[in-house]
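Contents: one structure, followed by commentary.
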2 protein chains.
Amino acid sequence: MFTKVFVYSLKALIMSATGKHIKPTESELEILRVLWEKGPSTVREVHEILEQSKDAGYTTTLKLMQIMHEKGLLQRDASSKTHIYASAVSQENTQRQLLDKMIDTVFNGSASQLVLQALGNHKSSKEELEKIKQYLDEIEKQQR
Amino acid sequence: MFTKVFVYSLKALIMSATGKHIKPTESELEILRVLWEKGPSTVREVHEILEQSKDAGYTTTLKLMQIMHEKGLLQRDASSKTHIYASAVSQENTQRQLLDKMIDTVFNGSASQLVLQALGNHKSSKEELEKIKQYLDEIEKQQR
DNA sequence: TTTCATTTACGAAAACTATCGTACATTTGT
DNA sequence: ACAAATGTACGATAGTTTTCGTAAATGAAA
């Protein structure tokens, strides 16, 4: 009995070995989001979700996902005719990298400046705010 | 006596009238950052700062700034030979837009998820943390 | 087995970004 | 007044991203 095998492309392996960082484009991010939420999926499954919010053909999504596999953003199981793709990068890792870059290039390196903006313009629930405050307390403790 | 007149390009006016949103590229953001900090400047002034951290010729910076003016990202005073450019978009506005998009596309719409990430990965000073806590208190008060 | 539907693969066009060389215009110094 | 310096304008090119048409492969159905 065989288990499904997700493979990385050669290019992907080389890149991860050299510790390169992830820089998905806008469209790539849309695909990653679908895969992060739904888990491993076919091109068609991903496409059907993207279709709801954007206007592009099936082959466009396919091509994008193929390229992403080349780049190492996606793994795929090609053992059956219909390939199954999965994200090869963690959501958290990607989030952190993009966030770091944004703090750097948009907020002059000040994370708290970003935080204030983020909190000011988005209604956060009471629970979320509490969570953040607790977190702040922890950080302060550690600093002592 | 004349005062300096900064002009928007026609394209810029049309775009701002239709309420389009700002989406500067990486390079454009670098230029905006310089102008936000230094205020209205010549191409040369901007270029000399960019030169320190990146490797591109003068005409490259010039072209970029011309394009940005076309797009409405920059205003310019062309009354003297040496044009003087200024940002046509506020830093705060731009920050908020880019941040909103990031929350949307990268953090599934959860601002506080982003906040936790931001605080976790960047050492913030005690004062900054205090500021954030005060801010949180204010928000909570308003919610009651 | 032949046909039909689905899927992948390939290539190429269109749009956008970044870069720079060169030409032209305008000051400025001599 | 005129040459040198400085600046802008104008392509042109290379790279990347997004898009899609068409062909080839594969599996299912009749």
Side-chain angles (χ1 to χ4, degrees), chain A residues 6-7 9-11 15 20-34 40-48 50-51 53-86 98 101 105, chain B residues 4 6-7 9-11 15 20-34 40-51 53-86 98 101 105:
Chain A
F6 281 96
V7 297
S9 75
L10 178 58
K11 198 170 182 181
M15 280 176 48
K20 256 210 169 169
H21 32 169
I22 303 153
K23 210 199 99 191
T25 67
E26 202 58 34
S27 300
E28 288 173 344
L29 213 42
E30 293 176 45
I31 289 171
L32 285 176
R33 281 171 63 200
V34 174
S41 311
T42 65
V43 173
R44 181 148 306 273
E45 287 165 345
V46 171
H47 177 64
E48 262 158 18
L50 293 186
E51 237 178 351
S53 56
K54 86 186 270 197
D55 181 28
Y58 172 81
T59 48
T60 301
T61 305
L62 170 65
K63 184 68 167 184
L64 270 174
M65 291 176 73
Q66 287 172 336
I67 291 171
M68 288 171 75
H69 176 245
E70 291 270 298
K71 289 189 191 173
L73 254 34
L74 302 185
Q75 314 167 259
R76 79 173 162 192
D77 173 3
S79 62
S80 62
K81 178 199 167 189
T82 302
H83 300 179
I84 294 173
Y85 288 82
L98 294 175
K101 171 170 274 177
T105 64
Chain B
K4 297 205 172 176
F6 281 96
V7 298
S9 75
L10 178 59
K11 199 171 182 181
M15 282 177 46
K20 258 209 169 170
H21 30 174
I22 304 155
K23 211 198 99 192
T25 67
E26 202 58 35
S27 300
E28 289 173 343
L29 211 44
E30 293 176 47
I31 289 170
L32 284 176
R33 282 172 61 201
V34 173
S41 311
T42 64
V43 173
R44 180 147 307 270
E45 286 165 345
V46 171
H47 177 64
E48 262 160 19
I49 290 185
L50 293 185
E51 239 179 349
S53 56
K54 88 187 268 198
D55 183 28
Y58 172 83
T59 49
T60 301
T61 304
L62 170 65
K63 184 69 168 183
L64 272 174
M65 291 176 73
Q66 286 173 337
I67 291 171
M68 290 172 74
H69 177 244
E70 291 271 297
K71 290 188 190 172
L73 254 35
L74 302 186
Q75 314 167 260
R76 79 172 163 192
D77 172 2
S79 62
S80 61
K81 177 200 165 189
T82 303
H83 301 179
I84 294 174
Y85 288 83
L98 293 176
K101 171 169 271 176
T105 64

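Computed from a predicted structure; not experimentally measured.
With rounding to the nearest 0.5 Å, the separation of CD1 in B:I67 from CG in B:L74 is 11.0 Å. To the nearest 0.5 Å, atom CD of residue A:Q66 and atom CG of residue A:L64 are 9.5 Å apart. One distance of note links CD1 of B:I22 with CG of B:L98; it measures 8.0 Å at 0.5 Å rounding. A distance of 5.5 Å separates NE2 in B:H83 from CZ in B:R76, rounded to the nearest 0.5 Å.
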Could you pull out the protein-nucleic contacts involving nucleotides 25-30 of chain D (nitrogen or oxygen on both sides, under 3.5 Å)?
residue, atom, partner, partner atom, Å
D:dT26, O2, A:K81, NZ, 3.2

Tabulate atom names and distances for all N/O pairs under 3.5 angstrom spanning the protein and nucleotides 21-24 of chain D.
none

Sub-3.5 Å pairs of nitrogen or oxygen atoms, protein against nucleotides 1-4 of chain D:
none

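When rounded to the nearest whole Å, the span between CG of A:L32 and P of D:dT17 equals 14 Å. Atom CG of A:L62 and atom P of C:dA9 are 7 Å apart (whole Å). B:E28 has its CD atom 10 Å from the C1' atom of C:dA18, to the nearest Å. One interatomic measurement links the two molecules: CG of A:L64 to P of D:dT16, which rounds to 16 Å at whole-angstrom precision. The separation between B:K63 atom NZ and C:dT22 atom P is 16 Å, rounded to whole Å. In this structure, B:H47 places its NE2 atom 11 Å from P of D:dG7, rounding to the nearest Å. The distance between atom CD of A:E45 and atom P of C:dT6, rounded to the nearest whole Å, is 15 Å. As rounded to whole Å, 12 Å separates atom P of C:dA18 from atom CG of B:L50.
Within the 4.0 Å cut-off from OP1 or OP2 of C:dT17, at least one side-chain nitrogen or oxygen of B:K71 is found. A close approach under 4.0 Å does occur between a side-chain nitrogen or oxygen of B:R44 and OP1 or OP2 of D:dG7. Between B:Y58 and D:dT8 there is a side-chain N or O to OP1 or OP2 distance below 4.0 Å.
In this structure the side chain of A:L73 reaches within 4.5 angstrom of the side chain of A:P24, judged on heavy atoms.
Both A:K23 and A:T60 lie close to DNA chain D; mapped to their nearest nucleotides by heavy-atom distance, the more 5′-ward contact belongs to A:K23.
In the set D:dT19, C:dT19, C:dT8, the nucleotide with an atom closest to the side chain of A:Q66 is C:dT8. Comparing D:dT19, C:dA9, C:dT17 by their closest approach to the side chain of B:T25 singles out C:dT17. For A:A56, the side-chain atoms get nearest to D:dT19 when compared with the rest of D:dT19, D:dT8, C:dT8. The side chain of A:K54 sits closest to D:dT19 out of D:dG7, D:dT19, C:dT7.
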Ignoring hydrogens and angles, write down the donor-acceptor pairs under 3.5 Å from the side chains of residues 54-61 of chain B, residues two or more places apart or on other chains.
residue, atom, partner, partner atom, Å
B:T61, OG1, B:H47, ND1, 2.8

Compile the donor-acceptor pairs under 3.5 Å between side chains in residues 26-34 of chain A and protein atoms, sequence neighbours left out, one pair per line.
residue, atom, partner, partner atom, Å
A:E28, OE1, A:T25, N, 2.9
A:E28, OE2, A:K71, NZ, 2.7
A:R33, NE, B:T105, O, 3.4

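Partners of A:T82 by side chain to side chain contact (heavy atoms under 4.5 Å, CB included), not counting sequence neighbours, listed by chain and number: A:T42. Residues satisfying the side chain to side chain contact (heavy atoms under 4.5 Å, CB included) test with B:K23, not counting sequence neighbours, are B:K101.
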message: Before you tell me yes or no, could you show the steps for A:E48 and A:R44 under side-chain contact (heavy atoms from CB on, under 4.5 Å), namely the whole-Å CA-CA distance, both residues' side-chain angles and the distance that decides it to 0.1 Å?
response: CA-CA 6 Å; A:E48 262 158 18; A:R44 181 148 306 273; 3.7 Å; yes
- prompt: Given the rule in the side-chain contact (heavy atoms from CB on, under 4.5 Å) test, do B:E45 and B:Y85 qualify, once you have shown the distances and angles that lead to the verdict?
  reply: CA-CA 10 Å; B:E45 286 165 345; B:Y85 288 83; over 6 Å; no
